[in-house]
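Notes follow once the structure below has been shown.
Computation of the quantities below employed the complete heavy-atom set of this structure, encompassing side-chain atoms and omitting hydrogens, waters and symmetry-equivalent molecules. As the structure is a prediction and not an experimental result, all values here were calculated from the model. Lettering follows sequence order; numbering is per chain, from 1.
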There are 2 protein chains.
Amino acid sequence: MKLASEEFDRISKALADPQRRAILQKLAVTGKLNCSDVHAFFDVSQPTVSHHLKELSMAGVVQREKQGQFCYYHVKSETLTAYVAELQRRLGLVAVQVAPRAR
Amino acid sequence: MKLASEEFDRISKALADPQRRAILQKLAVTGKLNCSDVHAFFDVSQPTVSHHLKELSMAGVVQREKQGQFCYYHVKSETLTAYVAELQRRLGLVAVQVAPRAR
DNA sequence: TTAGCATTTCGATATCTATCTATCCATCAG
DNA sequence: CTGATGGATAGATAGATATCGAAATGCTAA
C-alpha cells in the first residue's frame with residue numbers, strides 16, 4: 001500500500017494529538033467499538049470523541065462501519081503499517097530499495 | 001532505547017508539522033547542516049528555521065553541536081528508531097515481546 | 001407515530017503554534 | 001576595537017484546533 005503525500009500529512013496530524021492516540025490505541029487493543037463505548041473510556045465529551053473518530057477516519061487509520069443505530073470503528077492496520085514504512089523511508093531509517101533497471 | 005511517554009508526545013508533535021518534517025528529511029539525507037544551510041533550502045525566515053530546529057532538538061530527534069560560530073544539526077537515528085518502535089508497539093503493529101521469567 | 005437513544009453537526013471559546021519583523025548575543029576577521 | 005555574520009530571542013499576529021453545551025439528525029422499538 002502506497003500513501004499519497006496528502007494522506008501522510010493527515011495521518012501525521014491525526015497521530016499528533018494525545019487524546020486521539022489514546023483512542024486509537026484503545027481501538028487497537030479492543031478491536032471494535034462504537035462511539036459511546038469509546039466515550040465511556042475517556043474523560044471528554046461525546047461530541048469530542050465523535051470529532052476525533054472522524055479525524056482518524058478521514059486519515060484512513062480507522063474504518064467506520066454503520067450498523068443500524070450504532071457506528072462501529074476499528075483500526076485499519078494496513079494504513080498504519082504503510083504510514084510507518086513511509087515514515088521510516090523518509091527519515092532514512094531503512095535501506096532504500098532500488099527497483100531493477102528495465103532493459 | 002526506551003522512550004518516556006512525554007518524549008513520545010513531543011516527538012509526535014514535532015513530526016506533525018510538514019515544514020519540520022521537510023527540515024528533518026533534509027538533515028537525514030545531507031547528514032549535517034547549520035541553521036543557515038537549512039534556511040537556504042526553504043522559503044521560511046531564519047528565525048522560523050531556528051524555531052523548528054529547536055523543536056526538533058527538544059524532541060531529541062536532532063542533535064545540536066556548536067562549533068565556534070556555527071551550529072550544526074544532525075539527525076539522531078536512535079531516537080527516531082525508538083520512536084517508530086514505540087509507535088508500532090502502541091498501535092499493535094508488532095508482536096509483543098515477553099521478557100523471560102526470572103527464576 | 002412517538003419516545004428514546006446514538007451520533008453528528010453547530011456555534012462559541014480558549015489555547016496552541018507557525019510565522020513574521022525587529023532585536024540581541026556571540027564569534028570571527030581585519 | 002569594529003564591523004560583519006550566524007544564530008537565538010522577543011513580541012505580535014493570524015490561523016488552526018481541541019473542547020464544550022446545545023441542537024439537529026437518524027434509527028429502533030413500542
* **Under 4.5 Å side-chain linkage, directly or through intermediates, the cluster mates of B:Met58** => none
* To do: Using the side chain to side chain donor-acceptor pair (under 3.5 Å) rule, collect all pairs that involve residues 6-16 of chain B, keeping only residues at least two apart or in two chains.
  => A:Arg21-B:Asp9, A:Arg21-B:Ser12, B:Ser12-B:Tyr83
* Asked: Going by side-chain heavy atoms closer than 4.5 Å, which hydrophobic residues are tied to A:Phe70, directly or by a chain of links?
  -> A:Tyr72
* Structure fact -> So, with a heavy-atom separation below 4.0 Å from DNA chain D, the residues of residues 54-62 of chain B are B:Lys54
* To do: Answer whether the closest heavy-atom distance between the side chains of B:Met1 and B:Leu3 falls below 4.5 Å.
  => yes
* Under the 3.5 angstrom rule, does the side chain of A:Ser57 hit a backbone N or O of A:Gln63 as a donor-acceptor pair? -> no
* To do: Could you pull out all residues at least two apart from A:Arg20 that satisfy salt bridge (Lys or Arg N to Asp or Glu O under 4.0 Å)?
  => none
* Can you pull the salt bridge (Lys or Arg N to Asp or Glu O under 4.0 Å) pairs that have at least one residue in residues 46-70 of chain A, sequence neighbours excluded? -> A:Lys32-A:Glu65
* Structure fact -> Nucleotide by nucleotide, nucleotides 2-7 of chain C touches protein heavy atoms under 4.0 Å in the pattern (B base, S sugar-phosphate only, - none) --BBSB
* Outermost DNA chain D nucleotides near chain B [under 4.0 Å, heavy atoms] -> D:dT5 to D:dT9
Measure all distances between protein nitrogen or oxygen atoms and nitrogen or oxygen atoms of nucleotides 14-17 of chain C, and list the pairs falling under 3.5 Å.
unit_1, atom_1, unit_2, atom_2, d
C:dT17, OP1, B:Lys13, NZ, 3.4

* Asked: What does B:Val44 touch in the nucleic acid at a heavy-atom separation under 4.0 angstrom: a base, only the sugar-phosphate, or nothing?
  -> sugar-phosphate
* To do: Under the side-chain contact (heavy atoms from CB on, under 4.5 Å) rule, what do B:Val94 and B:Gln88 come out as? Steps first, then yes or no, please.
  => CA-CA 6 Å; B:Val94 288; B:Gln88 288 176 319; 3.9 Å; yes
* Listed by chain and number, what are the side-chain hydrogen bond (donor to acceptor under 3.5 Å, both in side chains) partners of A:Ser36, not counting sequence neighbours? -> none
* To do: Take A:Gly68 and A:Pro47, find for each the nucleotide of DNA chain D with the closest heavy atom, and name the residue whose nucleotide sits nearer the 5' end.
  => A:Pro47
* Do B:Cys35 and B:Cys71 come within less than 4.5 Å of each other through their side chains, counting heavy atoms only? -> no
* Mind checking side chain to side chain contact (heavy atoms under 4.5 Å, CB included) for A:Gln25 and listing every partner two or more places apart, or none if nothing turns up? => B:Arg90
* Could you tell me whether the side chain of B:Val75 reaches within less than 4.5 Å of the side chain of B:Leu80, counting heavy atoms only? => yes
* To do: Determine which pairs satisfy ring pair (Phe, Tyr, Trp, His ring centres under 6.0 Å) with at least one residue from residues 12-52 of chain B, sequence neighbours left out, and list them in order.
  => none
